[in-house]
Amino acid sequence: MKHPLRIAVLISGNGSNLQAIIDHQQRHADLYEIVLVLSNRADAYGLQRAQNAGIECCVVEHQLYEDRVSFDSELQKQIDQRQVDLVVLAGFMRILSDGFTEHYLGRMLNIHPSLLPKHPGLNTHQKAIDAGDRYHGLSVHFVTPELDGGPVILQAKVAIEAQEGADTLQQKVHQKEHLAYPLVIQWFAEEKLRFKNGQAWYQNQPLNEPLQLESLPEEATVQ
């Protein structure tokens, strides 16, 4: 019998995506388990969400380490001690070293609030409005050493309305994030999703462009 996939979720803040993943995991306990929630901030509310769900938590405060490499080394130690199969970045606000990303290459996911390659980095909602974009959204991608540059697996779009503000746009994107991220984790646990030759592969086919949440068949999105 196959064991459930062991995942670690890394957070820095509120943890709303973490909550969506916890809720999804409880419906799919045969597929995967969350063995660790790790934060670089002791005051991250997401830690409370993890404790409420009975998930082990760990805090590694980045300011206690003299550089990024020593901080990442401690992260890696905490993750590897728990024999994690997949690392999930869910609002983890630290840029990771190349050595760390290479160590988990093909086994680490991130969610970014834009339709990559548009608007990497921070403040993406305002950037999309300022650029006059008609659509904004999110991208779930494999993590590579290039910031927000790994192969994109799944995107979801929202329309930018006239007079839209960054706050309402962020809320619309969050709603889609809470559907998209657990779905990609489920695919990975089901072995439908893999990283090969620098590309994302879904159901044994290379993804030459990202899947779109809106155009997936209904049975693929049932969670």
Return the [atom1] to [atom2] distance between [X] and [Y], rounded to the nearest 0.5 Å.
X    : Y    : atom1 : atom2 : result
D98  : E146 : CG    : CD    : 10.5 Å
L216 : L179 : CG    : CG    : 11.0 Å
L86  : I185 : CG    : CD1   : 6.5 Å
Q48  : C57  : CD    : SG    : 8.5 Å
E74  : L64  : CD    : CG    : 10.5 Å
Q19  : N14  : CD    : CG    : 9.5 Å

Verify the distance criterion only: is there a donor paired with an acceptor across the side chains of [X] and [Y] at less than 3.5 Å?
X    : Y    : answer
D133 : H119 : yes
Y32  : H3   : no
R194 : N204 : no
Q199 : N208 : yes

Measuring only between side-chain heavy atoms, which start at C-beta, is [X] closer than 4.5 Å to [Y]?
X    : Y   : value
L109 : V87 : no
R41  : V59 : no
L10  : V88 : no
F92  : I11 : no

Could you check whether atom [atom1] of [X] has more than 12 heavy atoms from other residues, nucleotides or ligands sitting under 6.0 Å from it?
X    : atom1 : answer
E209 : CD    : no
K127 : NZ    : yes
Q163 : CD    : no

Quiz item: Is there a path of hydrophobic side-chain contacts, each under 4.5 Å between heavy atoms of I, L, V, M, F, W or Y residues, that connects L115 with V140?
Solution: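 Not linked; separate clusters.
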Flag, side chain of [X] to backbone of [Y], donor-acceptor distance under 3.5 Å:
X    : Y    : value
E61  : A42  : no
N17  : A90  : no
S139 : V152 : no
R49  : Y45  : no
Q170 : D167 : no

Exercise. Let me see the working for R107 and D85 under salt bridge (charged side-chain N to carboxylate O under 4.0 Å, His left out), right down to the final yes or no.
Key: CA-CA 7 Å; R107 299 188 295 131; D85 302 305; 6.0 Å; no
Quiz item: G165 and I129: which non-hydrogen atoms are nearest, and at how many Å?
Solution: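 Closest heavy-atom pair between G165 and I129: C-CD1, 3.6 Å.
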Self-check item: Heavy-atom pair of closest approach, residues K118 and S114
Solution: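 Heavy atoms only, the tightest pair is O-OG, 2.5 Å.
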Exercise. Start with the C-alpha distance between E33 and R6, add both sets of side-chain angles, then the distance that settles salt bridge (charged side-chain N to carboxylate O under 4.0 Å, His left out), and finish with yes or no.
Key: CA-CA 5 Å; E33 58 181 322; R6 295 171 64 82; 3.8 Å; yes
Quiz item: Taking it one step at a time, do V60 and L38 satisfy side-chain contact (heavy atoms from CB on, under 4.5 Å)?
Solution: CA-CA 7 Å; V60 181; L38 192 153; 4.3 Å; yes
ring-ring contact (aromatic ring centres under 6.0 Å, His included) partners of [X], counting only residues at least two apart:
X    : result
H112 : none
H174 : H178
Y202 : W187

Practice problem: Would you please test L183 and F188 for side-chain contact (heavy atoms from CB on, under 4.5 Å) and show each step? | Solution: CA-CA 9 Å; L183 188 58; F188 192 92; over 6 Å; no
Quiz item: Passes side chain to side chain donor-acceptor pair (under 3.5 Å), Q171 versus Q175? Steps please.
Solution: CA-CA 6 Å; Q171 287 165 12; Q175 288 177 340; over 6 Å; no
Practice problem: Would you list the pairs meeting ring pair (Phe, Tyr, Trp, His ring centres under 6.0 Å) in which at least one residue belongs to residues 137-164, sequence neighbours left out? | Solution: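 Sorted result for residues 137-164: F142-F195.
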Practice problem: Show the numbers, then the answer: is there a salt bridge (charged side-chain N to carboxylate O under 4.0 Å, His left out) between E214 and K176? | Solution: CA-CA 10 Å; E214 294 75 24; K176 296 276 190 177; 3.3 Å; yes
Exercise. Take W201 and L193, measure what side-chain contact (heavy atoms from CB on, under 4.5 Å) needs, and give me the verdict at the end.
Key: CA-CA 6 Å; W201 287 59; L193 173 68; over 6 Å; no
Exercise. Go through N110 and Y181 one step at a time and tell me if the side chain to side chain donor-acceptor pair (under 3.5 Å) criterion holds.
Key: CA-CA 9 Å; N110 184 43; Y181 215 0; 4.9 Å; no
Practice problem: Describe, in one word, how the ring planes of H136 and H125 are oriented to each other, choosing from parallel (under 30°), tilted (30 to 60°) and perpendicular (over 60°). | Solution: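 Plane angle over 60°, so perpendicular.
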Exercise. Apply the test side-chain contact (heavy atoms from CB on, under 4.5 Å) to residues F100 and L75: give CA-CA distance (whole Å), side-chain angles for both, the deciding distance (0.1 Å), then the verdict.
Key: CA-CA 9 Å; F100 186 89; L75 288 187; 3.8 Å; yes
Quiz item: Listed by chain and number, what are the side chain to side chain donor-acceptor pair (under 3.5 Å) partners of S12, not counting sequence neighbours?
Solution: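 Partners of S12 by the side chain to side chain donor-acceptor pair (under 3.5 Å) criterion, ordered by chain and then number, come out as N40.
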Practice problem: Apply side-chain contact (heavy atoms from CB on, under 4.5 Å) to D67 and list each qualifying residue two or more places apart in sequence or on a separate chain. | Solution: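 With neighbours one apart ignored, the set is V69, S70.
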